[in-house]
Amino acid sequence: MLLFGGGCLSAGTAHATTLRLSTWNLDWLTTRPAGDRALPDDVHPRDGTDIARLARYAARLHPDIAALEEVDTPELATRLFPAPGYRILISGDDVVQKTALAVRAGLIVTRHPDVRALDVYPPDAPRHLRSGLDVTVGDGRASLRVLVVHLKAGCRDGGPDDRRPACRTLYRQVAALTDWIMERQDEGEPFAIMGDFNHMLGPGDVMLPMLSENGPLLAPTVGVASPCWGGAYFIDHIVLGDQARQWLRPDSLRVMLYREDDPALQSRLSDHCPVSVGLDMP
């Protein structure tokens with residue numbers, strides 16, 4: 001079972017910085033009131049007790065770089081990853097389910113324009129998809145380009161020929177992701193794509209080979225069952241490219257499980273568990 005507790009991976013040596021990268025979908029992290037027009041009827045906004053409980057898990061997770069999905073405001077992310085220990089960046093989308101990044105203090109952060117090409121819906125669509133949050137994080141010697149994504153739901157195992165509308169949308173997003181990957185590889189930038197892909201990159205699946213058409217990628221979650229909420233193939237992934245593939249610490253894939261046994265409390269946490277890997281950045 002891939003379960004970890006505390007312990008910081010960020011203590012560097014004379015020649016390397018070891019980073020813990022995590023991705024965590026926080027399942028509609030919002031305090032908007034029930035009945036808000038932006039929320040589906042089955043979404044229950046979080047109260048202070050819920051946020052405090054999630055903050056305790058965030059402290060136990062103790063990442064150096066955490067991709068966050070379904071976050072409404074930077075203030076809510078800060079309550080889980082507070083200053084001065086962390087800096088919060090969040091996408092500029094006009095949606096509730098924004099992508100965000102928590103970066104440990106002491107790391108150098110450069111923000112790039114959001115990857116709005118991932119919102120493949122037309123401008124006049126009643127609802128929009130999440131853009132990608134694009135950030136470079138470094139320690140003064142080396143850097144990692146990080147793209148936080150939350151792709152279209154509803155196509156966990158379908159291919160590009162699947163006629164379901166969700167699959168057609170997802171693979172249009174894959175084309176936009178491929179363009180971003182090609183730019184990173186052309187520039188020789190180590191990179192990580194982190195977040196909720198809403199797709200199982202299992203054995204025989206075509207999505208990862210499509211993303212890899214311009215150069216090899218490494219995804220430790222491929223073909224592995226997650227222990228989160230009963231177990232299934234991962235849909236939350238950390239995909240590494242360029243030199244970052246060599247930085248992956250062997251056997252470092254971990255999943256943090258929730259300890260609550262009460263179903264009422266479980267529903268106040270998240271339907272996703274945090275997923276992490278370790279990188280040794282030179």
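Sequence positions, counted from 1, serve as the residue numbers for this chain.
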Can you see which heavy atom on Pro45 is nearest to which on Leu39, and at what distance? CG-CD1, 4.1 Å
Is it the case that over 12 heavy atoms from other parts of the model lie below 6.0 angstrom from the CG atom of Asp186? yes
So do the side chains of Leu26 and Leu68 get within less than 4.5 Å of each other, counting heavy atoms only? yes
Please check if atom CG in Asp47 has more than 12 non-hydrogen atoms from other residues, nucleotides or ligands closer than 6.0 Å. yes
Are Met194 and Val224 connected, step by step, through hydrophobic side chains (Ile, Leu, Val, Met, Phe, Trp, Tyr) whose heavy atoms are closer than 4.5 Å? yes
Under 3.5 Å donor-acceptor, His199 side chain and Cys155 backbone: yes
Note, Leu21 side chain near Asp64 side chain (heavy atom, < 4.5 Å): no
Given the rule that I, L, V, M, F, W and Y join up when any side-chain heavy atoms are under 4.5 Å apart, are Leu76 and Trp24 in one cluster? yes
Does Arg53 reach the main-chain N or O of Leu265 with its side chain, forming a donor-acceptor pair under 3.5 Å? no
Taking only residues two or more places apart in sequence or in another chain, which ones pass salt bridge (charged side-chain N to carboxylate O under 4.0 Å, His left out) with Arg268? Asp50
Identify the heavy atoms of Ser252 and Leu248 that sit nearest to each other, and give their distance. OG-CD1, 3.8 Å
How close do Ile238 and Val275 get, heavy atom to heavy atom, and via which atoms? CD1-O, 3.9 Å
Just by modelled atom types, is the Ser270 backbone N or O under 3.5 Å from a matching donor or acceptor in the Trp229 side chain? yes
Would the number of heavy atoms belonging to other residues, nucleotides or ligands and lying under 6.0 Å from CG of Asp262 be above 12? yes
Of Leu80, Leu101, Ile90, the one forming a side-chain contact (heavy atoms from CB on, under 4.5 Å) with Val71 is Ile90
Show the nearest heavy-atom pair for residues Leu257 and Tyr57, with the distance to one decimal. O-CE2, 3.9 Å
Looking at residues at least two apart in the chain, or sitting in another chain, which of them share a salt bridge (charged side-chain N to carboxylate O under 4.0 Å, His left out) with Asp179? none
Rounded to the nearest 0.5 Å, what's the gap from OG1 on Thr136 to CZ on Phe191? Could you check? 12.5 Å
Per salt bridge (charged side-chain N to carboxylate O under 4.0 Å, His left out), Asp93 is matched among Lys98, Arg116, Arg127 by Arg116
Option passing side-chain contact (heavy atoms from CB on, under 4.5 Å) with Phe234 (candidates Asp196, Leu253, Thr23): Leu253
How about Asn25 and Ile235: do any of their side-chain heavy atoms sit closer than 4.5 Å? no
Indicate yes or no for a side-chain donor-acceptor contact from Asp114 to the backbone of Gly92 under 3.5 Å, with no hydrogens or angles considered. yes
Kindly give the heavy-atom pair with the smallest separation between Trp247 and Ala142, and that separation in Å. CH2-CB, 4.5 Å
Is a side-chain N or O of Tyr86 found less than 3.5 angstrom from the main chain of Pro63, in a donor-acceptor match? yes
Start with the C-alpha gap between Arg111 and Asp134, add the side-chain angles, then the distance that decides, and say whether salt bridge (Lys or Arg N to Asp or Glu O under 4.0 Å) holds. CA-CA 6 Å; Arg111 180 161 184 175; Asp134 190 353; over 6 Å; no
Holding to salt bridge (charged side-chain N to carboxylate O under 4.0 Å, His left out), I want the full list of residues that pass it with Asp119, two or more places apart in sequence or in another chain. none
Flag side-chain contact, heavy atom, 4.5 Å: Leu269 against Asp27: no
For the residue pair Glu69 and Val149, what are the closest heavy atoms and their distance? CG-O, 3.7 Å
Please answer: with hydrophobic residues joined when any side-chain heavy atoms are less than 4.5 Å apart, are Leu129 and Ile193 in the same cluster? no
Test: Arg184 cationic atom under 6.0 Å from Trp180 six-membered ring centre, within 45° of axis: yes
